[in-house]
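Since the structure comes first, as structure tokens, the remarks are kept for the end.
Excluded from the calculations below are hydrogen atoms, water molecules and symmetry mates; all remaining heavy atoms, backbone and side chain alike, are included. Ligands are counted one by one from 1 in listed order, and the atoms in each one are counted from 1 as well. These numbers were taken from a predicted model, which means no experiment stands behind them.
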Amino acid sequence: MADLTLTGVAKSYGEVDVLRDINLEIKAGELIVFVGPSGCGKSTLLRMIAGLERITGGDLTIDGVRVNDMPPAQRGIAMVFQSYALYPHMTVRQNMEFALKIARKSRAEIDAAVNKAAEILQLTPYLDRLPKALSGGQRQRVAIGRAIVRDPKVYLFDEPLSNLDAALRVATRIEIAQLKEAMPDRTMIYVTHDQVEAMTLASRIVVLADKGIAQVGTPLELYERPQNEFVAQFIGSPQMNLLAGEVVETGDVTTVKLQDGGVARSAVPTRPEDLGLTVNIGVRPEDLTLTEAEGLFTGTVEIVEALGEVTLLYFGNEPGAPHMIAKLPGIHADLRRSRVTLGAAPEKVHLFHAGQSLLYR
Ligand SMILES: Nc1ncnc2c1ncn2[C@@H]1O[C@H](COP(=O)(O)OP(=O)(O)OP(=O)(O)O)[C@@H](O)[C@H]1O
Ligand SMILES: [Mg+2]
């Protein structure tokens, strides 16, 4: 069991600020996922929590104890890296028990810990094999097993699946979800670039951007109620469409006249003084539908990507035209070069002013 608290945590390398004023409370048993663009400081934050990187500002506490200056080995944390080098000349069992031998645990304790971890990870049949006789996914599980045997309070994973192929990623992702379920009181922090991993594994997602936290929330909170345009476009794939316009009618439902001629109605309420406000409407590709009525966008389909279960329509690849992507269920290969109108239900139309969601005023 471990609660983690980050208060004003910062990191700079000399003059260069990497992270500023990170405030985050993580409850025991949560699985927190860090996402954000490459170079935004995800690994740095993880390494600071592990004690592998010095914290240059603020405080980190684990179960109420300030650990800024505590050495990594005493923090009760185990970290699984993207490049998990296993010892090639040692069997799976020897790889997994290595840290416990160093810690001079008894043979009985070591065997119990390794056997239990092997069972959780379904590695029991492979304990006497060398790493070279394992698949990539099995090797990755051994790397996770090395963390489990140490029975840490907190697990840190830095993109643990990124060098697996697509099918193995899915299988290993499900294993990690099951692993978490088998250890409900263990706290996990997981860094990934993969939208699906973030959405499916996280109890809460932390979106990092611009040296700080852009938003923290459950996966569905971030998807349904993004606080700003950055999170709106970062969560979800293909990303949310943004179109510029002006508020022409306020009230429980807001009407926006769009620069490109369409009209959008949003269930985000506005006040009379918002009349004339310049806003961006946001609508996810999967929330757009073809319509015969007045829509929020009319354009020519430039590219069709038929993926089988869904079809992606791309608009506005010619210079100056607004770029839009729609995702329709089913197959619509015949729409290429046709002129269509897109609409969306008011509940699916987000409103942003100066980059911030109008829902959150
Ligand atoms: N020793 C260092 N000196 C100066 N800057 C550094 C140093 N180490 C890392 N950085 C900078 O810190 C920033 C954050 O790096 P970090 O590795 O945490 O990013 P990340 O979010 O994990 O990226 P990725 O998704 O590519 O793994 C980067 O801009 C990097 O250039
Ligand atoms: Mg990284």
Under 4.0 Å from a heavy atom of Ser43: give me the atoms of ligand 1 that qualify, with their elements. 17 (O), 18 (O), 20 (P), 22 (O), 27 (O)
Please indicate, with yes or no, if any protein heavy atom is found under 4.0 Å from atom 30 (C) of ligand 1? no
Please work out, at 4.0 Å between heavy atoms, whether the side chain, the backbone, both, or neither of Val18 comes within that distance of ligand 1. side chain
Near Gly41, which atoms of ligand 1 are under 4.0 Å from a heavy atom of that residue? 14 (C), 16 (P), 18 (O), 19 (O), 20 (P), 21 (O)
Under 2.8 Å from the Mg ion (ligand 2), is there an N/O/S atom belonging to Ser43? yes
Does the side chain of Tyr314 come under 3.5 Å of the side chain of Glu305 through a donor N or O and an acceptor N or O? yes
Within the structure, is a non-hydrogen atom of Gly36 found at a distance of less than 4.0 Å from ligand 1? no
Can a protein heavy atom be found under 4.0 Å away from atom 24 (P) of ligand 1? yes
Under a 4.0 angstrom heavy-atom cut-off, which atoms of ligand 1 come close to Thr44? 14 (C), 15 (O), 16 (P), 18 (O)
The closest protein heavy-atom partner of atom 14 (C) of ligand 1 is Gly39 O, 3.4 Å
Which of the atoms of ligand 1 are close to Glu159, meaning less than 4.0 Å from one of its heavy atoms? 25 (O), 27 (O)
For atom 1 (N) of ligand 1, grab the closest protein heavy atom and report residue, atom and distance to one decimal in Å. Tyr13 CE2, 3.4 Å
Under a 4.0 angstrom heavy-atom cut-off, which atoms of ligand 1 come close to His193? 25 (O)
Counting only heavy atoms, tell me which of Ser162, Pro37, Ser38, Gly14 gets closest to atom 26 (O) of ligand 1. Ser38
Mind checking whether Arg47 has a heavy atom under 4.0 Å from ligand 1? no
